[in-house]
Amino acid sequence: MPGALHLSPGSIRWEPGPGVTGEPVELATAAIMLPQGIARGKQVMITDLQTPAGQFQLDMDPVLFQMSQELVAG
C-alpha cells in the first residue's frame with residue numbers, strides 16, 4: 001500500500017497515503033524477517049517486518065531500514 005515513513009527520535013511511523021485505507025503503524029522496534037529462498041550475496045530491496053500489529057513489507061533495502069532504526073534509537 002502506498003504511504004510514507006516519518007522518522008523522529010524514537011519513532012519510524014508508516015502512514016497510509018491519500019485514498020489508502022489503513023492505520024498508521026510504528027516500525028521503530030519491528031523485527032526484520034530474513035528473506036527465504038534468496039541466493040547468498042544477492043541484494044534484496046524488500047524488507048519484511050514483524051510488528052505487534054502484524055507483518056508488513058516495505059519497498060526498501062533492509063540494510064537501509066536497519067540503519068534508520070538505529071538512527072531513531074540513538
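Values reported hereafter were calculated over all heavy atoms of this structure, with side chains retained and with hydrogens, waters and symmetry mates removed.
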Is there a donor-acceptor pair closer than 3.5 Å between any side-chain N or O of Ser68 and the backbone N or O of Leu64?
-> yes
For atom CD of Glu70, is the number of surrounding heavy atoms from other residues, nucleotides or ligands below 6.0 Å larger than 12?
-> yes
Side-chain donor/acceptor of Gln69 to backbone N/O of Ala28, under 3.5 Å = yes
How long is the span from the NE2 atom in His6 to the CZ atom in Arg13, to the nearest 0.5 Å?
-> 8.5 Å
Would you say the side-chain atoms of Thr47 pair up with the backbone N or O of Met60, donor to acceptor, closer than 3.5 Å?
-> yes
Shared hydrophobic cluster, Val63 / Leu7 (ILVMFWY, side-chain heavy atoms < 4.5 Å) = no
Would you call Val25 and Leu49 a side-chain contact if the rule is heavy atoms closer than 4.5 Å?
-> no
Would you check if the side chain of Glu26 reaches a backbone N or O of Trp14 as a donor-acceptor pair within less than 3.5 Å?
-> no
Got a donor-acceptor contact below 3.5 angstrom from the Gln66 side chain to the Ile32 backbone?
-> no
4.5 Å side-chain heavy-atom contact, Ile12 and Phe65 = yes
Measure across Gly22 and Pro16 and return the closest heavy-atom pair with its distance rounded to 0.1 Å.
-> O-CG, 3.2 Å
With hydrophobic residues grouped by side-chain heavy-atom distances under 4.5 Å, do Met45 and Met67 end up in a single group?
-> no
Derivation of the side chain to side chain contact (heavy atoms under 4.5 Å, CB included) call for Asp61 and Ile46 | CA-CA 6 Å; Asp61 181 339; Ile46 300 292; over 6 Å; no
